[in-house]
Amino acid sequence: MKLDARIPSGPIQKKWDERRFETKLVNPANKRKYKVLVVGSGLAGAAAAASLAELGYQVECFCFQDSPRRAHSIAAQGGINAAKNYRNDGDSIWRLFYDTVKGGDFRAREANVYRLAQLSVNIIDQAVAAGVPFARDYGGLLDNRSFGGAQVSRTFYARGQTGQQLLLGAYASLSRQIGLKAVKMFSRTEMLDVVLVDGHAKGIVVRDLVTGEVRAHAGDAVVLATGGYGNVFYLSTNAKGCNVTATWRAYKRGAGFANPCYTQIHPTCIPVSGDHQSKLTLMSESLRNDGRVWVPKKPGDKRKAAEIPDDERDYYLERKYPSFGNLAPRDIASRAAKQVCDEGRGIGDTGLGVYLDFRDSIQRLGRDAIAGKYGNLFHMYAKITAEDPYAQPMRIFPAVHYTMGGLWVDYDLMSTIPGMFVLGEANFSDHGANRLGASALMQGLADGYFVIPYTIAGYLAGQKAGSVQGNRPEFAKAIGEVAAMQKKLLGIQGKRTVDDFHKALGKIMWGRCGMARNEQGLQQALQEIPALRDEFWRDVRIVGGEAGINQSLEKAGRVADFLEFGELLCRDAKERRESCGGHFREEWQDDGEARRDDDKFCHAAVWEYQGPGKTPTRHQEPLTFENVHLAVRSYK
Amino acid sequence: MKVTLNIWRQSKASTKADFRQDGKLVRYQLDHVSPDMSFLEMLDVLNEQLTQQGEEPVAFDHDCREGICGSCGVAIDGVPHGPERGTTACQLHMRSFQDGAVITVEPWRAAAFPVLKDLVVDRSAFDRVVQAGAFISVNTGAPQDANAIPVPKADADRAFDAATCIGCGACVAACKNASAMLFVGAKVSHFVHLPQGRVERDQRARNLVAAMDREGFGNCTNQYECEAACPKEIPVRVIAELNREFVRAKVREEPVVDKGRGGDG
Ligand SMILES: Cc1cc2nc3c(=O)[nH]c(=O)nc-3n(C[C@H](O)[C@H](O)[C@H](O)COP(=O)(O)OP(=O)(O)OC[C@H]3O[C@@H](n4cnc5c(N)ncnc54)[C@H](O)[C@@H]3O)c2cc1C
Ligand code: FES
């Protein structure tokens with residue numbers, strides 16, 4: 001597998017200009033002859049589909065939900081970063097670039113991150129022009145808040161539903177192009193394979209989730225914007241449908257999978273309440289602008305929060321990280337929470353929780369001000385827990401939230417399969433080993449609005465338009481394989497439900513490869529997962545057939561992929577013998593702080609599929625830091 | 001706690017004029033429901049049980065399970081999203097029900113939302129209405145700086161209140177006329193309070209109303225059931241705004257061009 005990141009030469013500030021200048025163009029009259037298949041309608045996919053259609057390409061866009069507006073991006077709460085420096089508080093493109101590289105624990109590619117910081121400012125302009133109602137101050141100008149890992153206020157927000165407002169903006173642009181017949185939208189349609197012709201991605205196989213029909217679509221290029229794989233842990237803050245299927249099946253066709261072990265555990269989620277739990281709910285990081293995190297100083301202190309006097313409380317983030325305080329980055333805040341719980345100081349019935357307390361800010365700013373900023377989050381918390389967060393502190397605990405790993409892409413966002421581009425959370429590009437809050441929305445939109453419209457031309461210009469049609473034998477073969485897998489699943493008729501297997505996998509993943517990982521646990525996981533997978537293929541029970549709506553069959557396909565992918569994730573975690581960002585190996589630490597090994601691991605690990613039952617090959621893309629000094633990451 | 005469920009089961013997409021012939025209510029008993037479960041988690045438990053018994057699980061739409069994607073949507077005892085105001089079905093918890101409750105669960109009923117299976121309906125009519133003009137015609141490129149046009153906070157807040165619509169369809173399901181006025185009003189209101197959105201206000205109002213009629217949504221007779229059912233509590237003032245915008249567009253007597261979809265691209 002050849003890993004050529006194709007980073008433009010020259011100083012980092014000029015690289016993106018350089019690439020845009022040297023990239024071949026497709027003449028406007030020829031654009032309509034090319035067809036691009038965009039899988040996904042989240043921020044990355046919707047922005048890409050709309051922008052490519054505006055340029056004149058024929059676009060087909062796919063999502064599994066009943067409407068493109070429901071993609072998981074809709075659930076993002078807190079905000080989106082941009083180096084606008086509207087606060088005049090010292091922000092700049094360079095600072096956003098620096099914060100992101102450092103936040104990612106020096107495991108991202110500098111050139112990509114710099115471009116992201118540059119494009120961040122255009123995103124806000126674009127969104128406002130499209131009618132996104134960001135929060136404003138009384139002067140009518142855009143407001144900002146702070147997010148973790150930054151000492152400036154650069155996060156734009158729309159109450160607690162920034163994702164919905166940004167996605168509605170991108171969805172509106174997409175809808176306009178659908179109305180103009182420039183985009184053909186296929187909702188309730190799940191991609192189950194990519195079709196390669198002469199080594200290039202020239203089509204996809206999909207299942208129509210209403211009729212059950214399995215068919216192929218041919219195109220000149222394929223764009224995957226299918227989101228992250230957090231649901232490999234079963235419980236996560238992701239929507240229930242989030243899956244690894246699209247990227248996993250692309251991996252099995254030859255796309256390199258980079259850094260699967262980089263998973264983000266978000267520090268502030270509502271703790272698990274019981275076995276019935278189907279998902280975990282995030283309480284946005286923005287709450288840490290005004291909420292203070294604490295646990296009792298004494299282990300086993302079971303008094304109510306209000307009965308514990310201030311001097312018996314440990315505001316441990318403020319104590320350990322005085323310069324960032326409650327706004328320490330996510331990986332660090334999660335680890336600190338785990339540590340105090342391990343010490344027996346966790347709160348609530350299970351002892352797996354810490355307080356997020358608004359008492360002081362309500363006293364200082366008043367209840368209305370707090371409600372104005374976070375009303376919908378407080379409401380959501382009260383709904384789920386039946387507790388009033390205005391009157392007593394929230395109980396929170398870390399939960400799986402985001403995945404920094406994903407398909408490997410070069411600077412142009414092309415995977416190792418020529419003609420297949422990967423955008424948004426589905427790729428591995430910009431966040432290294434830990435993503436800073438409010439940077440995923442930024443990345444998805446930068447990829448979709450501003451990167452792919454340029455870089456795809458470089459590929460398409462070298463391809464004859466419409467050269468591959470769906471009648472090539474590769475298509476029939478791929479359709480046949482997808483249909484055969486479904487038949488096999490339906491034929492098992494065992495005893496255990498799909499969810500039952502998914503939960504079992506989640507337990508292994510969380511136990512062995514969650515907030516803390518070690519050699520022995522990972523070794524065990526590498527035995528347990530294949531065993532569970534074998535059992536799945538022997539004993540899963542799916543009622544219903546191929547035709548029509550069959551949600552159990554949909555889930556079974558996704559869980560089958562998670563059962564393979566989980567193993568790769570653990571293998572990657574085992575081979576990365578260092579701690580960095582969200583990947584914490586207990587063997588490499590200094591008093592609970594992650595200890596990197598730059599000599600051996602300053603690279604992205606990229607896995608190449610070798611066939612069923614074979615151990616995949618680990619390749620490396622070395623990371624070089626020419627602009628940011630490789631240093632121990634400190635938030636003290 | 002224990003609950004008895006009467007759930008609408010329908011194996012194939014609606015075909016008949018009278019929906020009662022397409023499926024039927026089937027009774028199920030659940031004995032171990034925790035009050036901390038969400039309504040959908042309770043349905044998960046039922047589906048696990050059905051699968052174990054070799055019966056087809058109940059199909060229902062859902063995704064985010066935190067009240068924002070608008071996927072979930074079922075009528076619970078005749079009320080869209082169930083008894084709690086301002087709450088989607090996925091955020092409704094079983095503690096809102098009595099132990100031993102008998103609960104009826106049905107899909108949205110509206111001509112424009114045909115049932116596909118069990119509790120799953122086809123809401124693509126909403127997407128087509130949006131495609132007719134619920135957008136600002138701006139291409140991706142380099143618009144002016146985001147702070148170039150200040151927007152008074154009060155206007156931004158009004159736009160935001162309307163923009164919180166999650167497109168779930170509860171308003172249509174709650175309305176005896178199956179009208180989409182709250183949904184369409186929310187779109188119109190969102191854009192008309194923003195300077196960027198005012199440029200196309202006339203054709204937007206016209207095109208959206210035309211699309212709404214084309215999709216077979218009914219008329220509004222001021223029952224305000226939609227407002228009561230809306231999980232995001234979108235106020236009926238948006239309907240008044242829609243009416244005002246529509247009349248304004250008429251009065252301005254521009255040629256009525258219903259391009260069907262796409263606005264003027
Ligand atoms: C609760 C929550 C809150 C968050 N808050 C923030 C925040 O405040 N700020 C921030 O920056 N980030 C936040 N994030 C992260 C951020 O929302 C996501 O990383 C981002 O939205 C991902 O966008 P995307 O376009 O890559 O993918 P998604 O929005 O996940 O979209 C994936 C798309 O792919 C489609 N798809 C997937 N698989 C298939 C398939 N096999 N076939 C067909 N279609 C498929 C789906 O239908 C969907 O349209 C949050 C995440 C969560 C879970
Ligand atoms: S599942 Fe998303 S709103 Fe209910």
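Protein chains get the first letters and strands the later ones, always in sequence-line order, with residue 1 at the start of each.
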Looking only at heavy atoms and a cut-off of under 4.5 Å, which of [options] has the most pairs with chain A?
options: B:Ala163, B:Pro152, B:Ala156, B:Ala159; result: B:Ala163
options: B:Val138, B:Asp63, B:Ile136, B:Asp155; result: B:Asp63
options: B:Gly70, B:Ser124, B:Gly197; result: B:Gly70
options: B:Met42, B:His190, B:Gln52, B:Arg95; result: B:Arg95

Taking side chain as C-beta onward, heavy atoms only, is [X] less than 4.5 Å from [Y]?
X: B:Asp161; Y: A:Arg159; result: yes
X: B:Leu116; Y: A:Ile549; result: yes
X: B:Val120; Y: A:Arg188; result: yes
X: A:Tyr171; Y: B:Val130; result: yes
X: A:Gln65; Y: B:Cys69; result: no
X: B:Glu66; Y: A:Met380; result: yes
X: B:Cys64; Y: A:His72; result: no
X: A:Gln161; Y: B:Ile68; result: yes

Looking at [Y], is its backbone amide N or carbonyl O close enough to the side chain of [X] to form a donor-acceptor pair, meaning the two atoms are under 3.5 Å apart?
X: A:Gln164; Y: B:Ile166; result: no
X: A:Asn122; Y: B:Gly141; result: no
X: B:Asn147; Y: A:Leu141; result: no
X: B:Asn139; Y: A:Glu54; result: no
X: A:Lys240; Y: B:His62; result: no
X: B:His93; Y: A:Ala386; result: no

Just how far is it from atom [atom1] of [X] to atom [atom2] of [Y], taken to the nearest 0.5 Å?
X: A:Lys383; Y: B:Ser38; atom1: NZ; atom2: OG; answer: 12.5 Å
X: B:Phe60; Y: A:Gln551; atom1: CZ; atom2: CD; answer: 7.0 Å
X: A:Arg70; Y: B:Cys72; atom1: CZ; atom2: SG; answer: 9.0 Å
X: B:Gln53; Y: A:Arg541; atom1: CD; atom2: CZ; answer: 9.5 Å
X: A:Ile178; Y: B:Phe135; atom1: CD1; atom2: CZ; answer: 10.5 Å
X: A:Lys555; Y: B:Asn47; atom1: NZ; atom2: CG; answer: 7.0 Å

Quick one: what part of [X] sits under 4.5 Å from any heavy atom of chain A, side chain, backbone, both or neither?
X: B:Val121; result: backbone
X: B:Val33; result: neither
X: B:Asp44; result: side chain
X: B:Cys165; result: backbone
X: B:Phe191; result: side chain
X: B:Thr164; result: both
X: B:Ala134; result: backbone
X: B:Asp118; result: neither
X: B:His193; result: neither
X: B:Ser71; result: both
X: B:Glu48; result: both
X: B:Gln144; result: backbone
X: B:Pro57; result: side chain
X: B:Val58; result: backbone

- Identify whether the distance between the nearest side-chain nitrogen and carboxylate oxygen of B:Asp145 and A:Lys84 falls below 4.0 Å. yes
Are the charged groups of B:Arg123 and A:Asp66 less than 4.0 angstrom apart, N to O? yes
Looking at [options], which makes the most heavy-atom pairs under 4.5 Å with chain B?
options: A:Val121, A:Asn238, A:Leu168, A:Asp137; value: A:Asp137
options: A:Ala158, A:Cys242, A:Ser173; value: A:Ala158
options: A:Gly544, A:Ala130, A:Ala75; value: A:Ala130
options: A:Tyr138, A:Phe64, A:Phe134; value: A:Tyr138

Sorted by chain and residue number, the ring pair (Phe, Tyr, Trp, His ring centres under 6.0 Å) partners of A:His502 (sequence neighbours excluded) come out as A:Tyr234, A:Phe562
* Please assess A:Gln165 against B:Phe160 for the test side chain to side chain contact (heavy atoms under 4.5 Å, CB included), listing each intermediate value before the final yes or no. => CA-CA 9 Å; A:Gln165 295 312 323; B:Phe160 189 93; 3.8 Å; yes
Locate the shortest heavy-atom distance separating [X] from [Y]; write the atom from each residue and the value.
X: B:Glu41; Y: A:His276; result: OE1-CD2, 3.4 Å
X: B:Thr140; Y: A:Ser51; result: OG1-OG, 2.9 Å
X: B:Asp36; Y: A:Ser273; result: CB-OG, 4.1 Å
X: B:Ala146; Y: A:Ile124; result: CB-CG2, 3.7 Å

Inset, instruction - Verify whether one side chain among A:Ser67 and B:Asp127 offers a donor that lies under 3.5 Å from an acceptor in the other. - result: yes
When you check the side-chain N and O atoms of B:Arg65 and A:Ser278, is any donor under 3.5 Å from an acceptor? yes
Using a cut-off of 6.0 Å, state whether more than 12 heavy atoms not belonging to [X] lie near its atom [atom1].
X: B:Asp31; atom1: CG; result: yes
X: A:Lys503; atom1: NZ; result: yes
X: A:Tyr454; atom1: OH; result: no
X: B:Glu233; atom1: CD; result: yes
X: B:Asp99; atom1: CG; result: yes

